[in-house]
There are 2 protein chains.
Amino acid sequence: MPAKKKKTTATKNDIEKYLDKIVSGDCITAMKKLPDASVDLVFADPPYNLQLGQAELTRPDNSRVDGVDDEWDKFDSFKAYDDFTREWLSEARRVLKPHGAIWVIGSYHNIFRVGTAIQDTGFWILNDVIWRKTNPMPNFRGTRLTNAHETLIWAARDQKSKYTFNYRALKTANDDLQMRSDWELPICTGNERIKGDDGAKTHPTQKPESLLYRVLIGSTNPGDVVLDPFFGSGTTGAAAKYLGRHFIGIERDKAYIAAARKRIARVKPLEGDDLQTQPSPKAAPRVPFGQVIETKLIKPGAKLYSRNKNYSAKVRADGSLYVKDGETEIQGSIHKVGAAVQKAEACNGWTYWHYEEKTGLKPIDFLRDKIRKGMAG
Amino acid sequence: MPAKKKKTTATKNDIEKYLDKIVSGDCITAMKKLPDASVDLVFADPPYNLQLGQAELTRPDNSRVDGVDDEWDKFDSFKAYDDFTREWLSEARRVLKPHGAIWVIGSYHNIFRVGTAIQDTGFWILNDVIWRKTNPMPNFRGTRLTNAHETLIWAARDQKSKYTFNYRALKTANDDLQMRSDWELPICTGNERIKGDDGAKTHPTQKPESLLYRVLIGSTNPGDVVLDPFFGSGTTGAAAKYLGRHFIGIERDKAYIAAARKRIARVKPLEGDDLQTQPSPKAAPRVPFGQVIETKLIKPGAKLYSRNKNYSAKVRADGSLYVKDGETEIQGSIHKVGAAVQKAEACNGWTYWHYEEKTGLKPIDFLRDKIRKGMAG
DNA sequence: CCCGGCGGTGAATCAAAAG
DNA sequence: GCTTTTGATTCACCGCCGG
């Protein structure tokens with residue numbers, strides 16, 4: 001009989017000193033220092049191993065495409081990439097609490113190898129999720145399909161883990177329809193994209209906060225600890241802080257760390273009630289109310305009013321509304337709460353609820369229209 | 001030095017006898033009988049290895065969900081599934097012509113293992129494609145995201161294969177926008193769904209013909225040979241016959257074979273012009289710029305301009321251009337001079353240079369078009 | 001102030017034929 | 001095999017600037 005494996009000397013309390021900080025260094029080395037069973041969620045955006053060709057890619061107007069040619073994305077072979085993947089996944093699994101879960105994002109270059117490694121490591125896949133980009137880069141040579149999506153894998157630590165899934169919150173954010181495995185979100189551009197003094201992008205592959213927002217709302221609770229072993233520009237940290245979750249970041253590149261620290265320092269967390277989450281036609285693209293929150297056209301905590309201002313409701317992080325009317329509390333989707341305050345059977349929340357603007361009350365449908373027209377963000 | 005590998009005795013002609021037929025039997029055994037390098041495309045819908053639990057799944061109204069519990073979807077372990085996958089993929093690759101390609105469809109249960117095997121077998125992934133279901137089955141228990149998509153992998157036999165990609169046809173089908181990697185299509189229901197006399201579905205996972213239609217339009221030409229080693233209800237055969245492609249089906253289950261034969265017999269192929277797809281400009285006969293001069297659509301001495309009129313060039317008798325820019329003189333082909341004035345690596349002179357018309361500047365490509373259509377002279 | 005045009009850009013395994 | 005030449009090819013969004 002083998003000797004009983006020596007327990008790691010680190011205790012659960014040791015995790016405290018890592019909370020809301022960025023650890024500088026290689027992700028495998030750094031993870032080895034973390035105690036067993038100490039984090040609730042891992043979100044990982046590992047190198048994709050793109051294997052781009054030698055020649056430069058140009059647009060039809062001859063401008064140059066700034067591809068990912070960073071050293072951190074270079075591996076000698078599939079085997080080298082697999083070895084690396086299996087090692088960091090094993091550490092991630094050890095660090096996870098028994099009921100913890102992991103998210104990994106990738107493209108066709110690496111996601112199949114990552115998914116196989118996830119299964120082989122003992123994780124239990126819950127869903128694969130497709131991030132459909134509203135504004136992907138076209139295929140400039142007309143040689144393949146426009147690569148318009150990336151894939152995320154969501155897996156529990158074990159087949160029997162009681163993983164966190166805020167079904168109601170996601171359903172409410174999706175206009176009372178079950179959240180699907182395909183998520184349509186824009187890529188990270190504009191003000192959200194971190195740039196240096198020279199105007200150049202600080203990180204080549206910065207993820208949009210809206211993506212992390214949905215991941216964290218759906219699969220963590222406030223106060224949970226989220227580990228990101230490939231912290232990069234710190235999107236996970238920014239979203240975690242905003243949503244009242246703790247983060248632990250690991251990053252090798254000093255410049256990325258500096259940019260992430262600065263970025264996260266500017267984030268103002270949601271407070272108290274605003275953090276609470278909730279236990280149609282084809283012609284125009286469907287925009288769920290949750291997306292209005294994700295794109296920050298309305299922030300959690302904001303007030304909405306009926307047109308005559310007879311009723312008001314508070315917006316919460318998942319896109320649910322909250323009304324306190326004397327003794328009774330009402331909460332739910334914009335439609336459900338609209339119906340409830342009117343004591344009606346049904347209600348179109350998009351036209352019933354209004355937000356305050358300089359010029360007066362405007363229906364929130366106006367904001368949905370903005371998103372549809374691409375004027376948001 | 002090893003002995004030269006003995007060539008298979010089967011010759012290319014042997015493939016003829018398999019065309020538009022269904023071979024009864026195990027896919028690996030059957031593929032071994034096919035000659036090397038004899039098919040243009042493989043489309044495969046292998047078992048998903050669903051690993052469903054014991055308990056039955058019921059809807060909220062307690063009705064029973066008829067899941068996939070067939071014997072052909074049972075494997076003892078990931079290893080058993082991987083061994084099976086690698087074996088049939090190797091055979092598929094051997095049977096493919098050098099410039100052939102493969103499509104495989106799967107879900108998160110198996111697609112990562114299949115993708116890894118595809119890369120390890122020597123295929124070169126071109127795209128992963130997401131089939132977004134307009135009408136997926138909901139997640140009845142509210143325990144996960146609605147599994148609303150399946151994943152296809154499109155890969156060339158080799159990295160250097162000149163695979164077939166009908167870019168124009170797909171772009172035209174997509175309202176003149178590049179076809180993206182996410183395809184929204186309904187699942188197979190209604191009349192298209194094959195049912196037995198008892199009204200029960202004949203095959204548990206019948207794919208919609210619209211999916212195969214797009215695959216075949218995009219990555220084969222009329223007359224090509226498409227092999228489907230997991231023929232099932234014969235969707236690949238039906239779409240191939242309809243679109244004027246040949247199919248070879250392999251299927252183990254006699255009942256599926258019978259249903260597929262009956263189904264395919266009823267298909268009426270498209271004919272003649274209806275089969276035409278948007279041709280690539282590449283297919284148009286080459287017209288050198290000199291010919292534009294020869295046909296006197298432009299005369300030597302005429303001036304050409306860049307679109308914004310920043311640059312102008314003089315046409316010479318041999319079809320070369322001449323630019324004098326201060327001290328420096330540039331001369332050469334329309335492409336070279338276009339690149340030189342822009343200080344770019346390359347330039348398509350046909351679209352860069354314009355000539356003057358009453359109505360304004362027009363690209364000289366317009367003149368080439370005239371010649372191609374026989375409107376010149 | 002609004003509108004339109006123009007320039008810029010995003011995880012990209014991004015050419016093929018002729019000589 | 002190689003190198004050179006020819007020529008095919010982009011969508012959604014942001015921000016700036018000029019009218």
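By convention in this document, chain letters (A, B, ...) are assigned in the order of the sequence lines, proteins followed by strands, and residues within each chain are numbered from 1.
Annotated as anti: D:dT4, whose O4'-C1'-N torsion sits more than 90° from 0.
The phosphate of D:dT9 has OP1 or OP2 within less than 4.0 Å of a side-chain N or O from B:Arg168. Remark: A:Arg141 is in phosphate contact with C:dA15, judged by side-chain N or O atoms under 4.0 Å from OP1 or OP2. Contact annotation: A:Lys133 does not reach the phosphate of D:dC11 (side-chain N/O to OP1 or OP2, under 4.0 Å). Side-chain N/O atoms of A:Asn147 include one lying less than 4.0 angstrom from OP1 or OP2 on C:dT13. Considering only side-chain N and O atoms, B:Tyr167 lies under 4.0 angstrom from the phosphate OP1 or OP2 of D:dT10.
Going from atom CG of A:Leu50 over to atom P of C:dA11 covers 11 Å, rounded to whole Å. Following rounding to the nearest Å, A:Lys74 (NZ) and C:dT13 (P) show an atom-to-atom distance of 14 Å. One interatomic measurement links the two molecules: CG of A:Leu145 to P of D:dT10, which rounds to 14 Å at whole-angstrom precision. In this structure, A:Glu56 atom CD and D:dT9 atom P are separated by 21 Å, rounded to whole Å. Between A:Glu192 atom CD and D:dA12 atom P there is a gap of 21 Å when expressed in whole angstrom units. The nearest whole Å value for the distance from the CG atom in A:Asp61 to the C1' atom in C:dT9 is 10 Å. When the P atom of D:dA12 is taken as reference, atom CG of A:Asn135 falls 9 Å away, rounded to whole Å. With rounding to whole Å, B:Lys160 atom NZ is found 14 Å from C:dT13 atom C1'.
For B:Asp365, the side-chain hydrogen bond (donor to acceptor under 3.5 Å, both in side chains) partners two or more places apart in sequence, or in a different chain, are B:Arg368.
When the nucleotides D:dT10, D:dC14, D:dT9 are ranked by their closest atom to the side chain of B:Thr351, D:dT9 comes out on top. Picking from C:dA12, D:dG7, C:dC14 the nucleotide with the shortest atom distance to the side chain of A:His109 gives C:dA12. Side chain of B:Trp124, nearest nucleotide from C:dT13, D:dA8, C:dG10: C:dT13. Side-chain proximity of A:Lys201 to D:dG7, C:dC14, C:dG10: nearest is C:dG10. In this structure, of C:dA11, D:dA8, D:dT9, it is C:dA11 that holds the atom nearest to the side chain of A:Tyr48. Relative to the side chain of A:Val65, the nucleotides C:dT9, C:dA12, C:dA11 differ in distance, and C:dA12 lies closest.
Salt bridge status for B:Glu356 with B:Lys303: absent, with no side-chain N to carboxylate O gap under 4.0 Å. Salt bridge status for B:Asp120 with A:Lys79: absent, with no side-chain N to carboxylate O gap under 4.0 Å.
Here A:Pro186 lies out of heavy-atom contact (under 4.0 Å) with every strand. A:Trp72 comes within 4.0 angstrom of a nucleotide base, judged by non-hydrogen atoms across all strands. Among the heavy atoms of the strands lying under 4.0 Å from B:Arg368 are primed sugar atoms or P, OP1, OP2 only; no base atom is included. Contacts of A:Gly67 with the nucleic acid, taken as non-hydrogen atoms under 4.0 Å apart, include base atoms. Among the protein residues, A:Asn49 comes within range of no part of the nucleic acid, since none of its heavy atoms lies under 4.0 Å from any strand. Contact annotation for A:Glu150: base contact, defined as any heavy-atom pair under 4.0 Å involving a base atom. If you check every strand for non-hydrogen atoms under 4.0 Å, A:Thr134 touches sugar and phosphate atoms only. At the heavy-atom level, B:Asp176 lies under 4.0 Å from the strands shown only through sugar-phosphate atoms. Contact annotation for B:Ile125: base contact, defined as any heavy-atom pair under 4.0 Å involving a base atom. In this structure, A:Leu57 reaches the bases: a heavy-atom distance under 4.0 Å links it to at least one base atom across the strands shown. Using a 4.0 Å heavy-atom distance criterion, A:Pro46 is classed as a base contact. Among the heavy atoms of the strands, none lies under 4.0 Å from A:Cys188.
Under the 4.5 Å side-chain criterion, counting only non-hydrogen atoms from C-beta, A:Trp72 is in contact with A:Pro204. Between A:Val65 and A:Glu56, every side-chain heavy-atom pair lies at or beyond the 4.5 Å cut-off. Side chains of A:Lys207 and A:Glu150 form a contact here, defined as non-hydrogen atoms less than 4.5 Å apart.
Under the 3.5 Å distance criterion, with hydrogens and angles disregarded, no donor-acceptor pair is assigned to the side chains of A:His149 and A:Asp182. With hydrogens and angles left out, the side-chain atoms of B:Ser333 and B:His335 include no donor and acceptor closer than 3.5 Å. Remark: the A:Arg263 side chain and the A:Thr235 side chain contain an N/O donor-acceptor pair separated by less than 3.5 Å.
B:Met179 and B:Arg214 get closest at one heavy-atom pair: SD-NH1, 3.6 Å. When all heavy atoms of A:Leu145 and B:Asn127 are compared, the closest pair comes out as N-OD1, 2.9 Å.
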Heteroatom pairs (N/O) under 3.5 angstrom, protein to nucleotides 3-6 of chain D:
{"unit_1": "D:dT6", "atom_1": "O3'", "unit_2": "B:Arg286", "atom_2": "NH1", "d": "3.2"}

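Applying the 5.5 angstrom centroid cut-off and the 30 degree plane-angle cut-off, the aromatic ring of A:Tyr108 is not stacked upon the base of C:dT13.
At a cut-off of 3.5 angstrom, counting only N and O atoms as typed in the model, there is no donor on one side facing an acceptor on the other between the side-chain of A:Arg59 and the base of C:dG8.
Comparing the C1' positions of D:dG18 and C:dC1 gives a spacing of 13 Å, expressed to the nearest Å. Rounded to a whole angstrom, the distance from the P atom of C:dA15 to that of D:dT10 is 14 Å. Using atom C1' as the reference point in both D:dT9 and C:dA12, the two lie 14 Å apart (nearest Å). Nucleotides C:dA11 and D:dG15 have their C1' atoms positioned 24 Å apart, rounded to a whole Å. Taking the C1' atoms as reference points, C:dA18 lies 13 Å from D:dG7, given to the whole Å.
Each of A:Pro138 and B:Val287 has a nearest nucleotide on DNA chain D; the 5'-most of these lies closest to B:Val287. When each of A:Arg64 and A:Leu52 is assigned the nucleotide of DNA chain C bearing its nearest heavy atom, the one mapping closer to the 5' terminus is A:Arg64.
In summary, the aromatic rings of A:Trp88 and A:Phe230 are positioned with their centroids under 6.0 Å apart. Between A:Tyr256 and A:His203, the distance from one ring center to the other falls under 6.0 angstrom. Checked against the 6.0 Å centroid criterion, the rings of B:Phe165 and B:Trp154 qualify as a close aromatic pair.
Where pairing requires Watson-Crick or G-U contacts shorter than 3.5 Å, the helical stems of DNA chain C with at least three consecutive pairs are C:2-10 with D:11-19, C:15-19 with D:2-6.
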